[in-house]
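Structure, as structure tokens:
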Amino acid sequence: MSAQVENVVIVGTGCAGLTAAIYTARANLQPLVIEGSLPGGQLTTTSEVENFPGFPEGVDGFMLMQNLRKQAEKFGTRYESGTVVALDTSAWPHTLQLADRAIKAKVVIIATGASPRMTGIPGEKELYGGKGVTTCATCDGAFYRNMEVAVIGGGDSAAEEALFLTRFASKVYLVHRRDALRASKIMADRATSHPKITPVWDSVPVAVEGVEAGAVSGLKIRNVKTNAESVLPVKGIFVAIGHVPNTAPFKDAVDTDEQGYFVPAAGSQVKTKTPGVYVAGDCADHVFRQAITAAGMGCQAAIEAERWLAEHGG
Ligand code: NAP
């Protein structure tokens with residue numbers, strides 16, 4: 001339908017995608033960025049980012065992403081909303097198939113990030129979003145003023161969510177399947193020493209209670225050492241057990257590992273086996289998964305793409 005051929009299409013608007021946009025825009029390639037269902041990516045759902053270099057007082061995640069977006073726009077980046085459902089690389093330029101249209105591109109940079117992993121326990125799906133189960137304390141924490149809530153998980157996300165929730169909740173249970181947090185020491189210490197946070201060790205979630213009433217009334221858990229089951233009397237459940245990479249629409253064009261993360265070509269972090277297709281950020285990184293490393297990968301992808309285009313009819 002559309003005869004338009006883009007130089008560079010970047011899929012995703014997190015740190016990786018927007019950094020790739022800044023670099024390719026400054027290289028005068030007029031990149032087109034496809035914005036999906038969560039513009040700005042995961043950082044927009046976090047509160048204060050304390051470890052992004054250059055912000056000694058910390059920076060609000062949403063503000064940081066707004067600024068990156070503006071910075072990319074200033075150099076000529078264009079934005080379109082849409083959901084990519086497939087990437088066809090059988091002919092060049094490549095074709096990105098969106099739900100309602102197709103876009104042809106000489107270079108595609110995939111920076112689709114990762115989505116929250118869910119536990120899959122009974123009741124979780126039924127009571128997700130507005131009924132008591134959520135993955136975002138920043139978004140929903142204020143609804144649980146003076147109530148008891150549970151956070152599931154033992155990583156930095158779980159510790160961060162639990163600490164944020166202490167601003168509103170009367171008590172925060174931190175339910176973890178082992179007896180020590182995976183979170184960094186500073187976050188783990190802050191969480192476990194907070195008077196409003198009660199760690200619940202060696203415990204896995206079993207079911208969300210309250211499905212019949214349409215609102216969470218408790219979290220059933222099981223102690224993995226004793227097998228004893230109990231119910232935490234919570235009104236809110238915050239699931240923070242990691243993420244799943246958003247790579248499914250691209251699986252025919254780019255190799256993925258057993259967890260679904262993109263696997264780059266040998267000798268590069270961002271180049272793929274398909275010429276003109278690059279990956280960056282959390283969709284291709286299950287090791288570091290930081291805002292700054294995602295931004296770094298976006299920069300690498302942009303520079304490699306620019307060089308490739310210069311050699312191959314850019
Ligand atoms: P993560 O580090 O992968 O931690 C996931 C946690 O969930 C682990 O404790 C894991 O338990 C638990 N878990 C996984 N599947 C589970 C299941 N089915 N049932 C119960 N528990 C389950 O994920 P993350 O916390 O989202 O962090 C991801 C990355 O972002 C990390 O590199 C982290 O450092 C970074 N991050 C940094 C900050 C910060 O610096 N401020 C904030 C957030 C995230 P096990 O421990 O037993 O595996």
Side-chain angles (χ1 to χ4, degrees), residues 14-16 38 41-62 64-65 113-125 128 133-139 141 150-166 173-192 194 197 199-208 219-225 229 232 237-246 257-261 281-297:
C15 275
L38 183 62
Q42 291 176 59
L43 272 196
T44 57
T45 65
T46 193
S47 46
E48 194 82 342
V49 182
E50 289 183 337
N51 51 11
F52 201 88
F55 297 93
E57 306 305 327
V59 57
D60 178 80
F62 185 78
L64 178 64
M65 298 319 297
S115 298
R117 175 181 288 128
M118 303 306 288
T119 65
I121 58 175
E124 179 184 61
K125 208 179 192 171
Y128 182 76
V133 179
T134 169
T135 56
C136 179
T138 318
C139 319
V151 173
I152 303 171
D156 278 317
S157 297
E160 195 174 67
E161 298 277 277
L163 284 163
F164 185 79
L165 287 164
T166 60
Y173 296 98
L174 183 52
V175 180
H176 185 36
R177 61 186 178 184
R178 293 185 298 116
D179 61 2
L181 297 180
R182 167 188 297 281
S184 55
K185 186 167 174 3
I186 185 168
M187 295 296 285
D189 287 349
R190 270 189 216 166
T192 52
H194 196 288
I197 297 178
V200 184
W201 303 120
D202 300 315
S203 297
V204 290
V206 174
V208 177
L219 175 64
K220 186 187 270 190
I221 57 172
R222 179 172 56 82
N223 184 299
V224 291
K225 289 192 170 153
E229 288 193 343
L232 301 175
I237 296 170
F238 292 76
V239 182
I241 59 169
H243 292 84
V244 181
N246 299 321
D257 66 15
E258 64 286 350
Q259 289 175 280
Y261 288 90
D282 284 14
C283 58
D285 168 24
H286 55 89
V287 179
F288 301 108
R289 297 178 295 182
Q290 303 296 302
I292 190 67
T293 52
M297 288 175 83

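Atoms within a ligand are numbered from 1 in the order they appear, just like the ligands themselves. As the structure is a computational prediction, the values presented were derived from the model and not from experiment.
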Checklist entry - For ligand 1, which atoms have a heavy atom of Phe288 less than 4.0 angstrom away? => result 32 (O)

Next on the checklist: Would Arg178 count as being in polar contact with ligand 1, using the rule that some N or O on each side must be under 3.5 angstrom apart?
Outcome noted: yes

Next on the checklist: Tell me whether ligand 1 is touched by Asn51 - counting only heavy atoms on the residue side and a distance under 4.0 Å.
Outcome noted: yes

Checklist entry - Strictly under 4.0 Å, does any heavy atom of Gln290 approach an atom of ligand 1? => result yes

Checklist outcome for this item: Ranking Gly242, Gly155, Ala240 by closest non-hydrogen atom to atom 23 (O) of ligand 1, top hit is Gly242

Checklist entry - At a 4.0 Å threshold, what atoms of ligand 1 neighbour a non-hydrogen atom of Glu160? => result 41 (N), 42 (C)

Checklist outcome for this item: atom 27 (O) of ligand 1: of Ser184, Ala158, Ser157, Gly154, the nearest heavy atom sits on Ser157

Item to check | 4.5 Å side-chain heavy-atom contact, Cys15 and Met65 | outcome: yes

Next on the checklist: Heavy atoms only, cut-off 4.0 Å: how does Arg289 contact ligand 1, side chain, backbone, both, or neither?
Outcome noted: both

Checklist entry - Can you list the ligand 1 atoms lying under 4.0 Å from a non-hydrogen atom of His243? => result 26 (O)

Next on the checklist: For Arg289 versus Asp282, what's the shortest heavy-atom pair and its separation?
Outcome noted: CA-OD1, 3.5 Å

Checklist entry - Is it true that a side-chain atom of Asp156 and a backbone atom of Ser184 form a donor plus acceptor pair closer than 3.5 Å? => result yes

Checklist entry - If you measure every N/O of Met187 against every N/O of ligand 1, is any gap under 3.5 Å? => result no

Checklist entry - Which heavy atom in Val49 sits nearest to a heavy atom in Gly61, and how many Å separate them? => result CG2-CA, 3.8 Å

Checklist entry - Going by the angle between their ring planes, with limits at 30° and 60°, are His286 and Tyr261 parallel, tilted or perpendicular? => result tilted

Checklist outcome for this item: Between Met297 and Ala284, the two heavy atoms sitting closest are CE-CB, 4.0 Å

Item to check | Shortest non-hydrogen contact between Asp285 and Phe288, atoms and distance | outcome: OD1-N, 2.9 Å

